[in-house]
Amino acid sequence: MDNTTLENSIREEAARAIAAIREKEALEIRQMDEAYSAEMEYFRKQVEAETEIRIRQEISKLENRALLERRKTKIQSTEQFIQRTVDQAMKNIRENPGYMPFLLKAIGDSVKMTDADADVKLSKEDIHLGKDILAVLASMDIQKNIAISEDPNIHWGGCLVWDKGKGRIFNNTLERIYFRKSLLIRQKAMNLLMKNARGDK
């Protein structure tokens, strides 16, 4: 075998070895790319699944919050409606024919229980009744000095009587009467509203 044939043989063998190495490298690179792609795809799907779960959780939270807000708004609206209705009803009590006898009796009974002079506090709407009240108290033979003045804290009506001797206060305001019955009144109002909403008769 001459040198040329040997050199050619070595070159061919080297070329085959280099080609085999390159093919092996290409295969390894392809396998690494596939593994990397599979890993990336797995990671993408995992992130997508986690994101979807989080989105569902957040949507659920928002729905729950919206439901609570709707309920809260409905309750507040109902409360405001009841308060307006009660306020109007209590203010209208003053127009009832029984209001004046109630007021005079409440003042008379309270003044009788005082040990000394008394201050009678009335709402702005009732202060004009001062002379009538003093006349009724005089007819009851009450020998005490009675001062009548307006109290801006009395909105609906009734009276406060302050016993100057013992410092006692007799509270016969409509606000106080309502306060004692407010829970029952509110329960009845809510029952009526619920029956109306359901269409009950």
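Along the sequence shown, residues carry numbers from 1.
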Considering non-hydrogen atoms only, spot the tightest contact between [X] and [Y] and give its length.
X	Y	answer
I148	G130	CD1-O, 3.5 Å
I107	C159	CG1-SG, 3.5 Å
S123	E150	C-CG, 4.3 Å
S149	I127	C-CD1, 3.4 Å

Atom pair [atom1] ([X]) and [atom2] ([Y]), whose distance is rounded to the nearest 0.5 Å:
X	Y	atom1	atom2	value
N145	D119	CG	CG	10.5 Å
Q46	E50	CD	CD	5.0 Å
I146	K164	CD1	NZ	9.0 Å
K24	Q31	NZ	CD	10.5 Å
D33	M40	CG	CE	12.5 Å
I55	S60	CD1	OG	13.5 Å

Residues [X] and [Y] bridged, charged N to O under 4.0 Å:
X	Y	answer
D163	R168	yes
E48	K45	no
E25	R22	no

Give the C-alpha distance, both sets of side-chain angles, the deciding distance and a yes or no for side-chain contact (heavy atoms from CB on, under 4.5 Å) between I169 and V161.
CA-CA 6 Å; I169 294 176; V161 177; over 6 Å; no

Can you list everything that forms a side-chain contact (heavy atoms from CB on, under 4.5 Å) with I53? Sequence neighbours excluded, please.
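I53 satisfies side-chain contact (heavy atoms from CB on, under 4.5 Å) with R56, Q57 only.
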
Enclosure of [X] [atom1] (heavy-atom neighbours >12, cutoff 6.0 Å):
X	atom1	answer
E23	CD	no
E28	CD	yes
R44	CZ	yes

Membership question, hydrophobic clusters at under 4.5 Å side-chain separation (ILVMFWY): are F179 and L103 in the same one?
no

I'd like to know if F170 and I154 are part of one continuous hydrophobic network [Ile/Leu/Val/Met/Phe/Trp/Tyr, side-chain heavy atoms within less than 4.5 Å].
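Hydrophobic grouping puts I154 apart from F170.
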
Between Y178 and D87, does a side-chain contact (heavy atoms from CB on, under 4.5 Å) hold up when you go through it step by step?
CA-CA 10 Å; Y178 168 73; D87 192 51; over 6 Å; no

Would you check if there is a donor-acceptor pair between the side chains of Q88 and N92 at a distance under 3.5 Å?
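Distance-only check passes for N92 and Q88.
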
Under 3.5 Å: donor-acceptor pair, side chain of [X], backbone of [Y]:
X	Y	value
E175	H155	yes
S77	K74	no
T51	V47	yes
R94	W156	yes

Does any non-hydrogen side-chain atom of [Y] lie less than 4.5 Å from one of [X]?
X	Y	result
K131	L134	no
L137	I133	yes
K121	W162	no
L160	N153	no
V111	M140	no

Do any pairs count as a side-chain hydrogen bond (donor to acceptor under 3.5 Å, both in side chains) and have a residue in residues 99-114, sequence neighbours left out, and if so which ones?
Y99-D126, K105-D109, S110-N172, T114-K144

With I93 as partner, the option from E95, K91, M90 fulfilling side-chain contact (heavy atoms from CB on, under 4.5 Å) is M90

